[in-house]
Amino acid sequence: MMPAQMSARVSIQPATPGGAVFLSYASQDAAAALRICDALRAAGVEVWFDQAELAGGDVWDRKIRGQLASCALFLPVISAATQARREGYFRLEWKLAAQRTHMISERTAFLLPVVIDDTRDAEADVPSEFRAVQWTRLPAGEVTAAFVARVKKLLAPVVGPVADRAPDQRSGLQPSPAPEVGRALRARLGLAAAGLAVLLAVVAGVVLTRKDDP
């Protein structure tokens with residue numbers, strides 16, 4: 001049986017398929033997590049979050065695992081509180097989310113870590129997968145318009161070819177150019193190489209001519 005008071009709480013209400021944000025946090029960070037939740041919900045973003053005391057148990061645990069397996073973005077709240085906690089349900093959520101990244105395309109954003117205090121990235125006690133993505137700092141959970149816009153962009157359906165997508169969230173690499181762009185670039189490089197060859201031939205001819213002069 002799970003303990004009566006969980007270190008991380010998320011809602012168990014139905015969510016928009018493929019468009020929900022799973023908010024994972026330690027109980028000590030409930031106030032900051034609520035600010036993040038409210039700001040995202042005010043912008044029309046579905047957030048799985050609940051402040052209610054949950055009894056736990058196998059049924060609740062299965063619902064949480066189901067949400068972890070189907071959410072569109074996983075937002076772990078990182079802080080001095082999570083640093084101090086060596087054990088907690090939020091750590092299980094973090095590990096399950098990290099494991100899920102191994103089944104997700106490198107070009108698909110899933111992890112969105114948020115730091116709410118001065119906890120340093122390099123010292124944070126988090127799964128290694130969290131370090132492979134860009135972190136956001138929201139002191140005390142105060143959400144910025146830029147952060148809300150970023151979340152909504154990450155949740156938006158991808159339209160058009162892969163080349164039109166945002167850079168890889170993990171590596172920061174830009175996507176490969178579209179085939180048409182690649183062919184045009186190769187053509188220009190080919191012309192430049194041909195022109196350089198002609199120029200070198202002319203220079204070589206001038207040098208040889210001067211050497212043959214009496």
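- Contact detail for E46 and G19: the closest heavy-atom pair is CB-O, 3.9 Å.
- Checking side-chain atoms of R85 against main-chain N and O of E87 turns up a donor-acceptor pair under 3.5 Å.
- Proximity of E129 to H102: side-chain heavy atoms (C-beta onward) are separated by under 4.5 Å at one or more points.
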Side chain to side chain contact (heavy atoms under 4.5 Å, CB included) between V133 and L112: does it pass, once the steps are laid out? CA-CA 7 Å; V133 299; L112 191 61; over 6 Å; no

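- A donor-acceptor pair under 3.5 Å links the side-chain atoms of Q83 to the main chain of D125, judged by distance alone.
- Shown here for L23 and A33, the closest heavy-atom pair between the two residues is CD2-O, 3.3 Å.
- Residues V47 and F22 form no side-chain contact, since every pair of their non-hydrogen atoms from C-beta on lies 4.5 Å or further apart.
- In terms of the side chain to side chain donor-acceptor pair (under 3.5 Å) criterion, R131 has no residue partners (sequence neighbours excluded).
- Contacts classified as salt bridge (Lys or Arg N to Asp or Glu O under 4.0 Å) and involving residues 70-80 (residues at least two apart or in different chains) are not found.
- Remark: T101 OG1 to E106 CD distance equals 8.0 Å, nearest 0.5 Å.
- Shown here are the salt bridge (Lys or Arg N to Asp or Glu O under 4.0 Å) partners of D121, two or more places apart in sequence or in another chain: R137.
- The two residues A109 and L73 come nearest to each other via the heavy atoms O-CD2, 3.7 Å.
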Could you walk me through whether F147 and V114 pass the side chain to side chain contact (heavy atoms under 4.5 Å, CB included) test, one step at a time? CA-CA 10 Å; F147 177 74; V114 169; 3.9 Å; yes

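- Distance check: L75 CG to L111 CG gives 10.0 Å after rounding to the nearest 0.5 Å.
- Within the 4.5 Å cutoff, no side-chain heavy atoms of E123 are placed close to those of T119.
- The CZ atom of F90 sits 9.0 Å away from atom NZ of K95, with the distance rounded to the nearest 0.5 Å.
- Atom CH2 of W48 is separated from atom CD of Q67 by 4.5 Å, given to the nearest 0.5 angstrom.
- The backbone N or O of V143 sits nowhere less than 3.5 Å from a side-chain atom of R35 that would complete a donor-acceptor pair.
- T82 places no side-chain N or O within 3.5 Å of a backbone atom of I78 that could act as its donor or acceptor partner.
- Under the salt bridge (Lys or Arg N to Asp or Glu O under 4.0 Å) criterion, R62 pairs with no residue at all, not counting sequence neighbours.
- Between F49 and Y25, the ring centre distance stays below 6.0 Å.
- Heavy atoms only, all atoms of each residue included: A72 and L155 are closest at CB-CD2, 3.5 Å.
- F110 carries R100 over the face of its six-membered ring, with the cationic atom under 6.0 Å from the centre and within 45° of the normal.
- Using a 4.5 Å heavy-atom threshold, the side chains of L92 and L96 count as touching.
- Heavy-atom minimum distance, A98 versus P127: CB-CB, 3.9 Å.
- For the ring-ring contact (aromatic ring centres under 6.0 Å, His included) test, residues two or more places apart in sequence or in another chain that qualify with F130 are W94.
- Using a distance-only test at 3.5 Å, with no hydrogens or angles considered, a donor-acceptor pair links the side chain of K152 to the main chain of A43.
- The minimum heavy-atom distance linking A32 with A140 is given by the pair CB-O, 3.5 Å.
- Residues R150 and T136 bring a donor and an acceptor atom of their side chains to less than 3.5 Å of each other.
- Partners of S79 by side chain to side chain donor-acceptor pair (under 3.5 Å), not counting sequence neighbours, listed by chain and number: D29.
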